[in-house]
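Quick caveat, the model's predicted, so the values are computed rather than measured. Counting starts at 1 for both ligands and their atoms, following the listed order.
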Amino acid sequence: MKLNGELTDSLNFYMGHEPHDLIAKYGSPLYVYNERIFREKCRDFKHLCKYPKFVVNYAIKANSNLTLLKIAKQEGLRAEVTSIGEIELLLAAEYDACDIFFITNNATTAEMQYAIDKGITFSADSLSQLDRYGRLNFGGKVAARFNPGIGSGHHQGVVTGGEETKFGINESEIPQVKEILAKHNLTLIGINQHIGSYILDIKIFIDSVKRMLNIAANFDTLEFIDLGGGFGIPYHKQEGERPLDIAALGTALCEFMGDFSAKYGKQLTFMVEPGRYIAAESGVLLGNVTAIKYNAAKYIGTDLGFNVLMRPLLYDAYHGIEVYRNTTEETANTAQPPFPIKNEIVHIVGNICESGDYIAKNRNLPIIQEGDVLGVLDVGAYGFSMTSQYNQRLRPAEILIREDGAIQVIRRRDSYADLLRNMRVD
Ligand SMILES: *Cc1c(COP(=O)(O)O)cnc(C)c1O
């Protein structure tokens, strides 16, 4: 029985499966994804603009589960990556090298050489990186990341444009960019930006696009302009927060693309790189309530430590929470339900030996009991991908509820053997 399951019910998220049953079968904690929702989010972006050369690169650091990568490919998305490991996963998911854009930050020579050998488009993030790339790949093609001078984000840790950031080449450095390109006979085929993560205000994004187009006008060899990702989702949707106005975003962007190409004299490819938007809302993290405790406040103890969900600790991030109670068939039919459901203010904490280990603070939730299962909402992005084995805990399994309701384990839970796998044991 769901004590406050309006959200997942309205989405038919579990497609008839009971959270308690899922945990009983696949273990706790458990990442649960819904295929239909993931596909819907891919399509939102795929159909954002009618412009003929509009490309969506899924920023796979948000969630790089192989099965989800394959679904994104089926939906016609390409990919944006930050590391060789991410490229290896994409190749395993049968992406073509030409569908991968490698946007690096302070890359090593080995990373550059890997991109060159595989024929993957590489974006340099500073003058010194551009120069280093040129030394390796004389006469080659390259992209460059610019900082449009505007940043945005839900937390200082994810603002990646503006003055206070390590990312990108500044507009004032364009003459030096040209010198370096000439020195190594490089062709600049693309420029890219990414101003930060969690943009819900389209205006900031559009302002950054205008600045990027000004930068683009300085180069006559471009094939593409990549406008970046960072599109937000309503983490406070239980309280009525509205989603990003995707239609308005599409209309505004499409106009820029057509107009700029006309001025540029060539139909350029325009890219965007959503990560969070694609994956976040398709995932729920289930965990067990293992203790109720009163200190200065009421604490709900769970097996949801920051090893399985890092965002609350790292960014002070908010995730909605649903509470599920196990009722046998008999009691479900006969017992008086605890209506009206009473709420109280609690902290939800995990099982890691650090005080910062919380999932939610001061939350107004139905009165929770031991044995309840919690569903932490909107964890499909930067959830599993940020898990660790800290405290030598096992990374959870990931399961996918297919469109027909069937369940697939798309990553098995770590085993204790996994903890030892890379260590010297003699
Ligand atoms: C992380 C990242 C993205 C995706 O950001 P989201 O907020 O998940 O959309 C896109 N582009 C670059 C370069 C990134 O580093």
**Item:** Those residues that, when tested against Glu255, pass side-chain hydrogen bond (donor to acceptor under 3.5 Å, both in side chains) (two or more places apart)
**Value:**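 With sequence neighbours excluded, Glu255 shows a side-chain hydrogen bond (donor to acceptor under 3.5 Å, both in side chains) to no residue whatsoever.
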
**Prompt:** Can you tell which part of His194 has a heavy atom less than 4.0 Å from ligand 1: side chain, backbone, both or neither?
**Reply:**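 The answer is the side chain of His194.
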
**Contact partition for Ala62 relative to ligand 1, non-hydrogen atoms under 4.0 Å** =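 Under 4.0 Å from ligand 1, Ala62 contributes no heavy atoms.
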
Test your reading of the structure: does [X] have an N or O sitting under 3.5 Å from an N or O of ligand 1?
{"X": "Gly229", "value": "no"}
{"X": "Glu273", "value": "yes"}
{"X": "Lys61", "value": "yes"}

In terms of atom number and element, which parts of ligand 1 are under 4.0 angstrom from non-hydrogen atoms of [X]?
{"X": "Ala59", "value": "3 (C), 4 (C), 10 (C)"}
{"X": "Arg145", "value": "13 (C)"}
{"X": "Arg276", "value": "6 (P), 8 (O), 9 (O)"}
{"X": "Tyr382", "value": "1 (C), 4 (C), 5 (O), 6 (P), 8 (O)"}

**Prompt:** For Lys50, does the NZ atom sit with more than 12 other heavy atoms under 6.0 Å from it, leaving out its own atoms?
**Reply:**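 No, the 6.0 Å shell around NZ holds no more than 12 heavy atoms from other groups.
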
**Asked** Does a sphere of radius 6.0 Å around CD in Gln74 hold more than 12 heavy atoms from other residues, nucleotides or ligands, not counting ones at 6.0 Å or beyond?
**Response**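 Above 12, so yes.
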
Compute whether any side-chain donor of one residue and acceptor of the other, for [X] and [Y], lie under 3.5 angstrom apart.
{"X": "Asp131", "Y": "His184", "answer": "yes"}
{"X": "Ser208", "Y": "Gln193", "answer": "yes"}
{"X": "Thr82", "Y": "Glu86", "answer": "yes"}

**Message:** Quick check: closest heavy atoms across Asp303 and Thr290, and the distance to 0.1 Å?
**Reply:**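 Taking Asp303 first and Thr290 second, the nearest heavy atoms are N-OG1, 4.5 Å.
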
**Prompt:** Which residue and non-hydrogen atom of the protein lie closest to atom 7 (O) of ligand 1, and at what distance in Å?
**Reply:**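 Nearest protein contact, heavy atoms only, for atom 7 (O) of ligand 1 is Ser197 OG, 2.2 Å.
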
**Request:** Assess Gly230 for proximity to ligand 1: is some non-hydrogen atom of it under 4.0 Å away?
**Result:**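 Distance cut 4.0 Å: Gly230 passes for ligand 1.
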
**Request:** Establish, yes or no, whether the cationic atom of Lys73 lies under 6.0 Å from the six-membered ring centre of Tyr58 and within 45° of the ring axis.
**Result:**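 Negative - Lys73 is either too far from the ring of Tyr58 or too far off its axis.
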
